[in-house]
A.B. asks: 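One structure, pasted below without further comment.
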Amino acid sequence: MHTANSQTIAFLGRIDNRGELRAALRLDDGRPLDDGALVLEGYRRWGTALPERLLGDFSFLIRDPAERRAFGARDHMGVKPYYYSRDGTCLLFSTDLAELVARVPGARINHEHLAMSAICLLDLASGGTTTPYKDVFSLPGGSAVCLDDRGLKTWEYWRPDAAKRLGIPDGEAPAALRELIFSAVEARLPAKSAPAALLSGGLDSSAVVAVAAMILKKKNRALDAFSAVLDRPSSDGTSDESGFIRELACFENIRFNRVTDAERGPFDDVAGLVGGSATPFHTSRHYLYAAFAQAARARGASTLLDGGFGELGPSAHGAGYYPELFRAGRWALLAKELKRRAQVDNQPAWRVAARHLALPLTPRRLLALAGRDHRRDLQQWADQCPLANSYVEKTLGARKAELLARVVASVGADRDHRRMQARNIILMQRRAADPFISADPAPLELLFPFLDKRIIEFCLSAPGHLKVRGGYARSLIRLALDGVLPKAIQWRTSKEPFSPDYHRRYNRQRPCIARQLESIASNDPVRKIVDVPRLLAMARVEMKSNRCGTPGDFMGMQTVPYGIYLIAFLRRFPEFQA
């Protein structure tokens, strides 16, 4: 919190273009200003146009009594959470949903928000503005909010531009992206606490760890890398990323930390998980993030670098590029690329062509007639959702079909790779909150270098032949980090699941969950919302693997955990307590 000239700012986050802002504001007197104070100075100069000039991860609210205004904004990609509610002439703001709900008198369930989760677990239907509570809202990334004498208003100040093209020759793009990645990682490395990062062994996390290690080596500092691995060799064919993680041993300043915590699972401390964040929407692998936080704090870390969401930028798959070649009549290049893709993926050429070319080119109405209008995970979610059908129909009514069409349109295949990439970026902007909250009482802050606005804009504007090349998808990051990543990682196309033994943990906890569901009385009010018999039937299905490749495995990874978290959420309200 910072106050100056009667104006007050509540600020969370980090500003990365401090030098540029100070120069534009002519703050050359050497006066020290923290990020919040600098943003307040910018507001005095640019008013509500301020967010367009900021770079970084941030959420803030400014109170301006002279203008009778409350004004705030969320960073471009929505990395920092932003919740708000209106109380008469006051705008309530918090980056913690539980904290804000506690300040809203008589907070009630937003049943429409819950019912929409029957269509898709992610909040795609409402545009990312609603929360599980009535009159409590989430501000999407790249948006601003203002309350003044004219009322409450929200607007976008930034959105991805799929029409923009690179302003440099294609041959210079890898080096330019490499420079941006190094800059983004360095901006997120802590100056005082111990540097730490999550390392899954995949392309994106390895890229962040390798770049961070190179930067820190010049400063004679070490990096702690934390990986989820098996606690012992597997006899059932389960494997982890240990082999690829060992490839990074070429960086002498990386300290490798194996995090197993084999006793934890998706149903540990569910009440604490839901109560601490006031929402039922959580990753079923929350236990690993709690274990990571505990291990990292023991090493003196306060933040964790994460390679997540690289597919929105530097490691974009370039889906839609093959249809672009087809529509442009570049059939010789298309045939060559499809042939190489089949070799790289070790699949028949016809299957590669069907998936990456024919399917995106098929009109959506024909896909609907063939029953292929939904992405597989979206269809599985619709088939397995634990909400009672009567509740969904009563709550959404005739709007259900409209909302479903909106969701399908937001996740379907596209014939233009930039349009599809921009659409996925917008979905990220609409995430209500950090998706990796755990029940840990003091979770570490996760920092995502690949969500840097500069990287997102650069990669979106790059041509398709830099994203799909020689049969390899995700080529842009492979080219940019040539000589940085070990070859075995740079050109890998496989990936083991993030939590390699999730299915074991889940199966171990299933009997307890089944007993919990069996104990729910027939007149229990939660049955009005949750289809308890369906949830119980799904909880009795054993997971065979952790790849979500079958309906049973998808239940264990997605729908059953959500159902249990939802029941815990409902129990927080008097009308749903047994």
A.B. asks: Between the side chain of Ser315 and the main-chain N/O of Arg474, is any donor-acceptor distance below 3.5 Å?
C.D. replies: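 A pair under 3.5 Å: no.
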
A.B. asks: Enumerate the ring pair (Phe, Tyr, Trp, His ring centres under 6.0 Å) contacts for residues 157-191, please, sequence neighbours excluded, ordered by first and then second residue.
C.D. replies: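 Every ring pair (Phe, Tyr, Trp, His ring centres under 6.0 Å) pair that includes a residue of residues 157-191, provided the two are not neighbours, is His76-Tyr157, His76-Trp158.
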
A.B. asks: With sequence neighbours excluded, what pairs up with Lys487 under the salt bridge (Lys or Arg N to Asp or Glu O under 4.0 Å) test?
C.D. replies: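 Per chain and number, Lys487 pairs via salt bridge (Lys or Arg N to Asp or Glu O under 4.0 Å) with Asp482.
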
A.B. asks: Using the ring of each side chain (for Trp, its six-membered ring), is Phe11 parallel, tilted or perpendicular to Phe60, with breaks at 30° and 60°?
C.D. replies: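 The rings of Phe11 and Phe60 lie parallel, inter-plane angle below 30°.
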
A.B. asks: How would you list, by chain and number, every residue that makes a side chain to side chain donor-acceptor pair (under 3.5 Å) with Arg285, sequence neighbours excluded?
C.D. replies: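 Checked Arg285 against side chain to side chain donor-acceptor pair (under 3.5 Å); zero matches.
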
A.B. asks: I'd like to know whether CZ of Arg18 has more than 12 heavy-atom contacts from other residues, nucleotides or ligands below 6.0 angstrom.
C.D. replies: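 Count over threshold, so yes.
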
A.B. asks: Is the ring pair Trp155/Phe71 parallel, tilted or perpendicular, if the boundaries are 30 and 60 degrees?
C.D. replies: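 Ring orientation of Trp155 relative to Phe71: parallel.
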
A.B. asks: Begin from the C-alpha positions of Arg258 and Ser227 and carry the test side-chain contact (heavy atoms from CB on, under 4.5 Å) through to its verdict.
C.D. replies: CA-CA 5 Å; Arg258 297 167 60 90; Ser227 304; 6.0 Å; no

A.B. asks: What I want to find out is whether Arg188 reaches Asp57 closely enough, with some N-O distance under 4.0 Å, to be called a salt bridge.
C.D. replies: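 Salt bridge present between Arg188 and Asp57.
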
A.B. asks: Answer yes or no: is there a donor N or O on one side and an acceptor on the other, between the side chain of Trp46 and the main chain of Pro51, under 3.5 Å?
C.D. replies: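 The answer is no, because no donor-acceptor pair under 3.5 Å joins these two groups.
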
A.B. asks: Measure centre to centre between the rings of Tyr83 and Phe93, then say whether the value is under 6.0 Å.
C.D. replies: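 So the answer is no for these two rings.
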
A.B. asks: Side chains of Tyr322 and Arg341: is there a donor and an acceptor less than 3.5 Å apart?
C.D. replies: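 A donor-acceptor contact under 3.5 Å links the two side chains.
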
A.B. asks: Not counting sequence neighbours, which residues clear side-chain contact (heavy atoms from CB on, under 4.5 Å) with Glu241? List them please.
C.D. replies: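 Only Phe244, Ile245, Arg492, Lys495, Glu496 meet the side-chain contact (heavy atoms from CB on, under 4.5 Å) criterion with Glu241.
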
A.B. asks: Could I get the full list of side-chain contact (heavy atoms from CB on, under 4.5 Å) partners for Ala210, not counting sequence neighbours?
C.D. replies: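 So Ala210 forms a side-chain contact (heavy atoms from CB on, under 4.5 Å) with Leu248, Phe251, Val484, Leu485.
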
A.B. asks: Not counting sequence neighbours, which residues clear side chain to side chain donor-acceptor pair (under 3.5 Å) with Glu247? List them please.
C.D. replies: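 For Glu247, no residue satisfies side chain to side chain donor-acceptor pair (under 3.5 Å) once neighbours in sequence are set aside.
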
A.B. asks: With sequence neighbours excluded, tell me which residues meet side chain to side chain donor-acceptor pair (under 3.5 Å) with Thr493.
C.D. replies: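 In terms of side chain to side chain donor-acceptor pair (under 3.5 Å), with neighbours along the sequence ignored, Thr493 is linked to no residue.
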
A.B. asks: Check ring pair (Phe, Tyr, Trp, His ring centres under 6.0 Å) between Tyr565 and all other residues, then give those that pass, not counting sequence neighbours.
C.D. replies: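 Counting only residues at least two positions away or on another chain, Tyr565 forms a ring pair (Phe, Tyr, Trp, His ring centres under 6.0 Å) with His286.
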
A.B. asks: What's the shortest heavy-atom distance between Met428 and Leu312, and which atoms?
C.D. replies: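 In terms of heavy atoms, the two residues are closest at CB-CD1, 3.6 Å.
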
A.B. asks: Do the side-chain N and O atoms of His113 and Thr131 include a donor-acceptor pair separated by under 3.5 angstrom?
C.D. replies: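 Short answer, no.
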
A.B. asks: Can you list everything that forms a side chain to side chain donor-acceptor pair (under 3.5 Å) with Thr48? Sequence neighbours excluded, please.
C.D. replies: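 Partners of Thr48 by the side chain to side chain donor-acceptor pair (under 3.5 Å) criterion come out as none, since no residue qualifies.
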
A.B. asks: Report the residues that fulfil side-chain contact (heavy atoms from CB on, under 4.5 Å) with Lys217, sequence neighbours left out, ordered by chain and then residue number.
C.D. replies: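 Checked Lys217 against side-chain contact (heavy atoms from CB on, under 4.5 Å); matches are Asn253.
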
A.B. asks: Who are the side-chain contact (heavy atoms from CB on, under 4.5 Å) partners of Arg299, not counting sequence neighbours?
C.D. replies: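 With sequence neighbours excluded, Arg299 shows a side-chain contact (heavy atoms from CB on, under 4.5 Å) to Asp224, Phe226, Arg255, Asn257, given in chain and number order.
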
A.B. asks: Among side-chain atoms of Ser242 and Asp240, is any donor-acceptor pair under 3.5 angstrom?
C.D. replies: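 Yes - a donor-acceptor pair under 3.5 Å links their side chains.
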
A.B. asks: Less than 3.5 Å apart, any donor N or O on the side chain of Ser117 or Tyr562 sitting next to an acceptor on the other?
C.D. replies: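 Yes, side-chain donor-acceptor contact under 3.5 Å.
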
A.B. asks: Decide if atom CD of Glu252 counts as having more than 12 heavy atoms of other residues, nucleotides or ligands within a radius under 6.0 Å.
C.D. replies: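 Atom CD in Glu252 is not packed in, count stays at 12 or less.
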
A.B. asks: Mind checking ring pair (Phe, Tyr, Trp, His ring centres under 6.0 Å) for Tyr84 and listing every partner two or more places apart, or none if nothing turns up?
C.D. replies: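 Tyr84 satisfies ring pair (Phe, Tyr, Trp, His ring centres under 6.0 Å) with Phe137 only.
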
A.B. asks: Testing the 3.5 Å rule here: is there a donor-acceptor pair between the side chains of His317 and Lys467?
C.D. replies: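 No.
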
